[in-house]
Amino acid sequence: MKTVDTRGHLCPIPLIMAKSAIKESNTGDTLLIISDNDTSCQNLMQYLNDLGANPQKETKGPEFHITIQVPAPRASMPEAESYCSTDRGYVVVVKSDKMGQGDDNLGSILIRAFINSLKDADKLPTHIILYNGGVKLAVKGSDTGASLQVLESMGVKVIVCGTCVDFFGIKDSLATGTISNMYQITKLTAEAGHVVYP
């Protein structure tokens with residue numbers, strides 16, 4: 001099985017790499033395409049489906065593993081670059097269990113209202129990143145924890161800072177979220193179309 005490693009690349013590079021590997025392979029060969037970017041993965045899946053490659057996706061931590069059977073050659077293959085979405089979405093970064101400065105009680109009410117109403121937004125974020133005091137919003141028994149669970153069921157990835165969870169001693173109390181590290185948090189914010197800090 002040949003592996004096409006597109007990690008670290010943004011659209012259209014992963015699509016071009018996949019198209020090239022398919023052209024160099026024989027009908028029926030198995031290819032494994034690895035991506036670490038959600039948008040690139042979605043674009044790859046659409047391209048491979050249209051190509052008739054029957055892609056099977058598996059999520060392994062921060063990576064996506066797509067396995068395909070190389071389809072029979074076509075007279076013309078779809079232009080891979082045309083599948084590249086330019087909308088990279090937005091990421092919400094929550095760094096406290098309070099919103100704004102002034103009064104802590106008011107700040108607590110405001111951040112809860114923000115998290116609880118986010119599921120009704122016309123356009124959802126691709127990720128919600130919680131660090132420092134923001135990780136407390138993901139604990140079991142809280143209305144925000146429940147709302148974050150709903151958002152995850154809607155396709156939003158909730159990322160929780162592992163160092164922060166350990167610092168506050170709430171690892172066993174989390175209702176939802178993937179525990180991660182600052183490397184991934186930095187990568188996600190750098191690659192986002194824009195970042196919202198409530």
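For the numbers below, each heavy atom of this structure counts, side chains included, while hydrogens, waters and symmetry mates do not.
- A pairwise comparison of heavy atoms in Asn105 and Asp103 identifies N-OD2, 3.0 Å as the closest pair.
- Side-chain N or O atoms of Ser142 include one that pairs as donor or acceptor with a backbone N or O of Gly145 at under 3.5 Å.
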For residues 64-71, run the donor-acceptor check on the side chains, cut-off 3.5 Å, and write out each pair with its distance to 0.1 Å, sequence neighbours left out.
from, atom 1, to, atom 2, distance (Å)
His65, NE2, Glu63, OE1, 3.1
Gln69, OE1, Thr30, OG1, 3.3
Gln69, NE2, Thr30, OG1, 3.0

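- You'll find the side chain of Leu32 stays beyond 4.5 Å of the side chain of Val4, heavy atoms only.
- Without hydrogens or angle criteria, Tyr47 side chain to Ala18 main chain gives no donor-acceptor distance under 3.5 Å.
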Check step by step if side chain to side chain contact (heavy atoms under 4.5 Å, CB included) holds for Leu188 and Val195.
CA-CA 10 Å; Leu188 287 170; Val195 180; over 6 Å; no

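- To the nearest 0.5 angstrom, Lys119 atom NZ is 12.0 Å from Gln149 atom CD.
- In terms of heavy atoms, Val92 sits closest to Pro198 at CG1-CD, 4.1 Å.
- For Ser117 (side chain) and Phe114 (main-chain N/O), a donor-acceptor pair under 3.5 Å exists by modelled atom type.
- Using a 4.5 Å heavy-atom threshold, the side chains of Pro125 and Val91 count as separate.
- Looking at every heavy atom in both residues, Thr27 comes nearest to Pro73 through OG1-CD, 3.3 Å.
- Taking the side chain as every heavy atom from C-beta outward, Ile22 and Lys19 never approach each other to under 4.5 Å.
- Asn132 approaches Lys95 most closely through the heavy-atom pair CB-O, 3.5 Å.
- Contact annotation: the side chain of Pro14 never approaches that of Ser35 to less than 4.5 Å [non-hydrogen atoms, C-beta and beyond].
- With Thr3 contributing its side chain and Asp5 its backbone, the two residues share no donor-acceptor pair below 3.5 Å.
- A distance of 13.0 Å separates NZ in Lys136 from CG in Leu174, rounded to the nearest 0.5 Å.
- With hydrogens and angles ignored, the 3.5 Å screen pairs a side-chain donor or acceptor of Ser25 with a backbone N or O of Ala21.
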For a salt bridge (charged side-chain N to carboxylate O under 4.0 Å, His left out) check, start with the C-alpha distance between Asp36 and Lys187, then their side-chain angles and the critical distance, and finish with the verdict.
CA-CA 10 Å; Asp36 58 359; Lys187 188 173 184 295; 3.6 Å; yes

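- Panel note: side chain Gln184, backbone Pro62; no donor-acceptor pair is recorded below 3.5 Å.
- Look at Asp29 and Lys2 and you find no salt bridge, because none of the NZ, NE, NH1 or NH2 atoms lies under 4.0 Å from a carboxylate O.
- Residues Val94 and Tyr131 are members of separate hydrophobic clusters, defined by side-chain heavy-atom contacts under 4.5 angstrom among Ile, Leu, Val, Met, Phe, Trp and Tyr.
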List the steps, then state whether side chain to side chain contact (heavy atoms under 4.5 Å, CB included) holds for His127 with Tyr90.
CA-CA 7 Å; His127 297 78; Tyr90 72 100; over 6 Å; no

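- Leu110 and Tyr197 end up in different hydrophobic clusters when Ile, Leu, Val, Met, Phe, Trp and Tyr side chains are linked at under 4.5 Å.
- Note that the CG atom of Leu44 and the CD1 atom of Ile34 stand 12.0 Å from one another [nearest 0.5 Å].
- The minimum heavy-atom distance linking Cys41 with Lys57 is given by the pair SG-CD, 3.4 Å.
- Atoms CD and CE, on Glu152 and Met154 in that order, are 12.5 Å from each other to the nearest 0.5 Å.
- Between the Ser147 side chain and the Thr144 main chain, no donor and acceptor come within less than 3.5 Å of each other.
- The closest side-chain heavy-atom distance from Lys157 to Thr126 is not below 4.5 Å.
- Between the side chain of Ser173 and the backbone N or O of Val139 there is no donor-acceptor pair closer than 3.5 Å.
- The shortest side-chain heavy-atom distance between Leu148 and Leu130 falls under the 4.5 Å cut-off.
- One hydrophobic cluster, built from ILVMFWY side chains closer than 4.5 Å, cannot hold both Ile129 and Leu124; they sit in different ones.
- In terms of hydrophobic clustering, with Ile, Leu, Val, Met, Phe, Trp and Tyr side chains grouped at heavy-atom distances under 4.5 Å, Tyr183 and Leu10 are assigned to different clusters.
- Distance check, rounded to the nearest 0.5 Å: CE of Met17 to CD1 of Ile33 gives 9.5 Å.
- Listed here is the closest heavy atom pair of Ile111 and Ser96: CG1-O, 4.2 Å.
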Taking distance alone, no hydrogens or angles, what donor-acceptor pairs closer than 3.5 Å link side-chain atoms of residues 159-172 to residues at least two apart or in another chain?
none

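- Between the side chain of Thr189 and the backbone N or O of Thr186 there is at least one donor-acceptor pair closer than 3.5 Å.
- Put simply, CD1 on Ile13 and CG on Asn37 are 12.5 Å apart, with the number rounded to the nearest 0.5 Å.
- In the hydrophobic clustering of ILVMFWY residues, with side-chain heavy atoms under 4.5 Å counting as a link, Ile115 and Leu106 come out together.
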